[in-house]
Undergrad: 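Dropping a structure here in structure tokens format, bear with me for questions.
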Amino acid sequence: VVWGGGGGGGGGGGGRHNHNKEQRQAGGQRHGGGHAGGGGGGMYQMMNQRHHQGHHYHNQGHHQGHHNQGGHHSHHDAHMMGGGGGGHDRAKPMSALLEEFKSNKNRRFDLTDLIDHIVEFSADQHGSRFIQQKLEVAAEQESELVFSEVLPSAHELMMDVFGNYVIQKFLEHGTPAQRSALAAQLTGHVLALSMQMYGCRVIQKALEVIDKSQQSDLVAELDGHVLRCVKDQNGNHVIQKCIERVPPARIQFIVAAFYGNVLSLATHPYGCRVIQRVLEHCTNDQKSAGIMDEILREACALAKDQYGNYVVQHVLQHGGEDKRRRILNTLAGQIVLLAQHKFASNVIEKCLTYCGQSERQIMINEMLGLTDENEPLQAMMKDQFANYVVQKLLEVCDEEQRKQLLSRMKLHLPNLKKYTYGKHIVVRVEKLITTNSPPRPGMHAGGPLGGADEGGEYDAAEEEEEEEEED
């Protein structure tokens, strides 16, 4: 795959996301203008949201399952290639050597043939690819000849659609001295590069490979600019990489910038990803008072937000029993209403999946209501979102709870058949009554429509990525 295309290239490191037109529109200018994309650091993670018609979940696979829980990789890792779009200086005429390289398929070129033309080739799509491939197997002397030409133009190449990949290749495969020399070129420019479509990829790669002292010096340049970076389509990837790669003690200034701002960040298309990185990588002391307490306090508002719901899901899945109990206490009394909400219904499913038996019983009691008519449960079974919550409940509850639910549901089956979403429950319940066994996970009535995705993370960058053309 040749990343980027048409007018700019770029693209973030995405994750599972929602192809929901309403959600895209609700996010406003989520791509920061055009289809430029956002720098490939981020998390390729699993995520899920309702299909925009509400008929079923759009639950896709993805290249990383990050919280696959782990593999983090960037666009530049996906392949050392630049995308379409312009190089660093289109006003310059193409040299005869580059012209021959692109047109003469019979001549075999070596790196040494490009001497005095390395920068020009690095800023050309095909030339950049050639240099990258050769550098992986080049002898040290050959590599040093190339590097001696690259270094004086390093800053220019870092921000180039194709040149940035050559810089990354030296960061990844170069000698310690070459790596250190490139890190020195970054000094004083970290903020500007972090906010630039291609420069942000170089910064991320540098954070992965340079030594700890240089790493700390580079990260310190972002002090005072953290929130600006988080809300930027490119800068947010750099902040995520800082949280993942830099020792927690050295990024306290990043975490401190979030204190008091968690609600606004968690409801932001990029901020919600950064908050999840904090939850994964920072110390308990860094997270507790300033981050986690605000999430728990605002759990209801976050659950109903198109981005915030992923943060609450993350805490439910990874936050431990005490955090789950506190979230459920915040949501209690509103379970039925939240189950009928497009975004909050995902959170309720996570509660049912990860909370203990006694907490689940509290939720069941709320759904059954106070009368034999079980009005709340009936309303849920007819609802376009809540019917999936009921199906998830039947899947995860214990045998006694399932019997209790089925005995109440049987009474309402004839009436449910009149409703589009009620029919899903009818099929499920009739099958359960017949087989007297728990339903298979992830199988909704009528086929494998899936429930809330196990990753529970929103990542806008993959959406950016898909809107770019491929070369």
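Just so it is clear, the values below take in all heavy atoms, side chains as well, and ignore hydrogens, waters and symmetry mates. Predicted model only: the values in this text are computed from it and were never measured.
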Undergrad: Could you check whether Phe121 and Phe101 have their ring centres less than 6.0 Å apart?
TA: yes
Undergrad: Does Arg108 have more than 12 heavy atoms from other residues, nucleotides or ligands lying within 6.0 Å of its CZ?
TA: no
Undergrad: Do Glu221 side-chain atoms and Val190 backbone N/O form a donor-acceptor pair below 3.5 Å?
TA: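 Checked: pair present.
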Undergrad: Is Asp211 reaching over with its side chain to a backbone N or O of Gln214, donor-acceptor style, under 3.5 angstrom?
TA: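 Yes; at least one donor-acceptor contact below 3.5 Å.
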Undergrad: In sequence, state the C-alpha distance, the side-chain angles, and the governing distance for Leu151 and Phe170, and then conclude on side-chain contact (heavy atoms from CB on, under 4.5 Å).
TA: CA-CA 10 Å; Leu151 188 60; Phe170 272 112; over 6 Å; no
Undergrad: Drop me the distance from Glu298's CD to Thr267's OG1, to the nearest 0.5 angstrom.
TA: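 The distance works out to 9.5 Å.
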Undergrad: With side chains defined as the heavy atoms from C-beta onward, is the minimum distance between Gln196 and Asn234 less than 4.5 Å?
TA: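 Sidechains of Asn234 and Gln196: no contact.
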Undergrad: With rounding to the nearest 0.5 angstrom, report the CD1 to CD1 distance, Ile348 to Ile335.
TA: 4.0 Å
Undergrad: Counting C-beta onward and ignoring hydrogens, is there a side-chain heavy-atom pair between His268 and Asn236 closer than 4.5 Å?
TA: no
Undergrad: Any Lys/Arg nitrogen of Glu280 or Arg277 sitting under 4.0 Å from an Asp/Glu carboxylate oxygen of the other?
TA: yes
Undergrad: Measure the shortest side-chain to side-chain distance between Arg325 and Asn329 over non-hydrogen atoms and say whether it is less than 4.5 angstrom.
TA: yes
Undergrad: By the definition side-chain contact (heavy atoms from CB on, under 4.5 Å), identify the one residue from Leu222, Leu218, Ile239 that meets it with Ser194.
TA: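 Exactly one option meets the side-chain contact (heavy atoms from CB on, under 4.5 Å) with Ser194, and it is Leu222.
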Undergrad: Can a side-chain donor-acceptor contact be found between Ser128 and Gln132 if the only test is distance below 3.5 angstrom?
TA: yes
Undergrad: Is there a side-chain contact between Val238 and Met195 in this structure, where contact means two heavy atoms from C-beta onward sitting under 4.5 Å apart?
TA: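 Contact flag for Val238/Met195 side chains = no.
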Undergrad: Side chains of Asp285 and Thr283: is there a donor and an acceptor less than 3.5 Å apart?
TA: no
Undergrad: Any chance you could lay out the side chain to side chain donor-acceptor pair (under 3.5 Å) test for Gln178 and Glu144, step after step, and finish with the verdict?
TA: CA-CA 8 Å; Gln178 289 169 347; Glu144 192 56 47; 3.0 Å; yes
Undergrad: How about Tyr307 and Leu302: do any of their side-chain heavy atoms sit closer than 4.5 Å?
TA: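 Heavy-atom side-chain distance check fails, nothing below 4.5 Å.
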Undergrad: Minimum heavy-atom separation for Asp305 and Phe343, please, with both atom names.
TA: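 Closest heavy-atom pair between Asp305 and Phe343: O-CB, 3.8 Å.
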Undergrad: With distance as the sole criterion, is a donor-acceptor pair present between the side chains of Gln204 and Lys241 under 3.5 Å?
TA: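 Per modelled atom types, Gln204 and Lys241 side chains form no pair under 3.5 Å.
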Undergrad: Do side-chain atoms of Arg250 reach the backbone of Lys212 as a donor and acceptor pair under 3.5 angstrom?
TA: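 Yes, the answer is positive, given that a donor and an acceptor are paired below the 3.5 Å cut-off.
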Undergrad: Might you confirm whether atom CD of Gln252 has over 12 heavy atoms from other residues, nucleotides or ligands at distances under 6.0 Å?
TA: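 More than 12 within 6.0 Å, yes.
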Undergrad: What are the two closest non-hydrogen atoms of Arg179 and Leu171, and how far apart are they?
TA: NE-O, 2.7 Å
Undergrad: Pair Arg201, Tyr165 - check side chain to side chain donor-acceptor pair (under 3.5 Å), show working.
TA: CA-CA 9 Å; Arg201 302 175 182 192; Tyr165 295 102; 2.4 Å; yes
Undergrad: Using every non-hydrogen atom in the two residues, find where Lys304 and Ala344 come nearest and quote the distance to one decimal.
TA: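 For Lys304 versus Ala344, the nearest heavy atoms are CG-CB, 4.0 Å.
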Undergrad: Step by step, would you call Ile291 with Leu279 a side-chain contact (heavy atoms from CB on, under 4.5 Å)?
TA: CA-CA 8 Å; Ile291 305 287; Leu279 297 177; 4.2 Å; yes
Undergrad: From His314 NE2 over to Gln317 CD, what is the distance, rounded to the nearest 0.5 angstrom?
TA: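 Going from NE2 on His314 over to CD on Gln317, the span is 7.5 Å.
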Undergrad: Run the numbers on Leu191 and Cys229 for side-chain contact (heavy atoms from CB on, under 4.5 Å), then give the verdict.
TA: CA-CA 8 Å; Leu191 178 62; Cys229 286; 3.7 Å; yes
Undergrad: Looking only at heavy atoms, which two atoms of Ile275 and Ala266 are closest? And how far apart?
TA: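 Closest heavy-atom pair between Ile275 and Ala266: CG1-N, 4.3 Å.
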Undergrad: Examine distances only and state if a side-chain atom of Asp110 and a backbone atom of Thr112 form a donor-acceptor pair shorter than 3.5 Å.
TA: no
Undergrad: Identify the heavy atoms of Val262 and Gly290 that sit nearest to each other, and give their distance.
TA: CG2-O, 3.6 Å
Undergrad: Check Leu316 against Arg324 and note the closest heavy-atom contact, atom names and distance.
TA: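 Heavy-atom minimum between the residues: O-NH1, 2.9 Å.
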Undergrad: Drop me the distance from Asp124's CG to Asp160's CG, to the nearest 0.5 angstrom.
TA: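 With rounding to 0.5 Å, CG (Asp124) is 9.5 Å from CG (Asp160).
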Undergrad: Taking the side chain as C-beta and beyond, is there a heavy-atom pair between Met158 and His189 under 4.5 Å?
TA: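 No; the side chains remain at least 4.5 Å from each other.
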Undergrad: Let's go through Leu114 and Glu149 carefully: what are the C-alpha distance in whole Å and the side-chain angles of both, what is the deciding distance for side-chain contact (heavy atoms from CB on, under 4.5 Å) to 0.1 Å, and is it a yes or a no?
TA: CA-CA 10 Å; Leu114 311 188; Glu149 285 190 46; over 6 Å; no
Undergrad: Tell me if a side-chain donor or acceptor on Gln276 pairs with a main-chain N or O of Val311 at a distance below 3.5 Å.
TA: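 No: the side chain of Gln276 does not pair with the backbone of Val311.
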Undergrad: Check whether any side-chain heavy atom of Phe147 sits under 4.5 Å from a side-chain heavy atom of Thr175, and report yes or no.
TA: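 In short, these two side chains do not touch, never coming nearer than 4.5 Å.
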Undergrad: For the CD1 atom of Ile243 and the CG atom of Leu207, what is their distance to the nearest 0.5 Å?
TA: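 Output value for this atom pair is 11.5 Å.
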Undergrad: Measuring only between side-chain heavy atoms, which start at C-beta, is Leu265 closer than 4.5 Å to Val274?
TA: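 In short, these two side chains do not touch, never coming nearer than 4.5 Å.
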Undergrad: Atom NZ in Lys205, atom SG in Cys200: separation rounded to 0.5 Å?
TA: 13.0 Å
Undergrad: Output yes when a side-chain donor or acceptor of Ser143 lies under 3.5 Å from a complementary backbone atom of Ala139, and no otherwise.
TA: no
Undergrad: Hey, which of Arg326, Lys287, Lys323 is the one that makes salt bridge (Lys or Arg N to Asp or Glu O under 4.0 Å) with Asp293?
TA: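 That would be Arg326; it is the only one of Arg326, Lys287, Lys323 passing the salt bridge (Lys or Arg N to Asp or Glu O under 4.0 Å) with Asp293.
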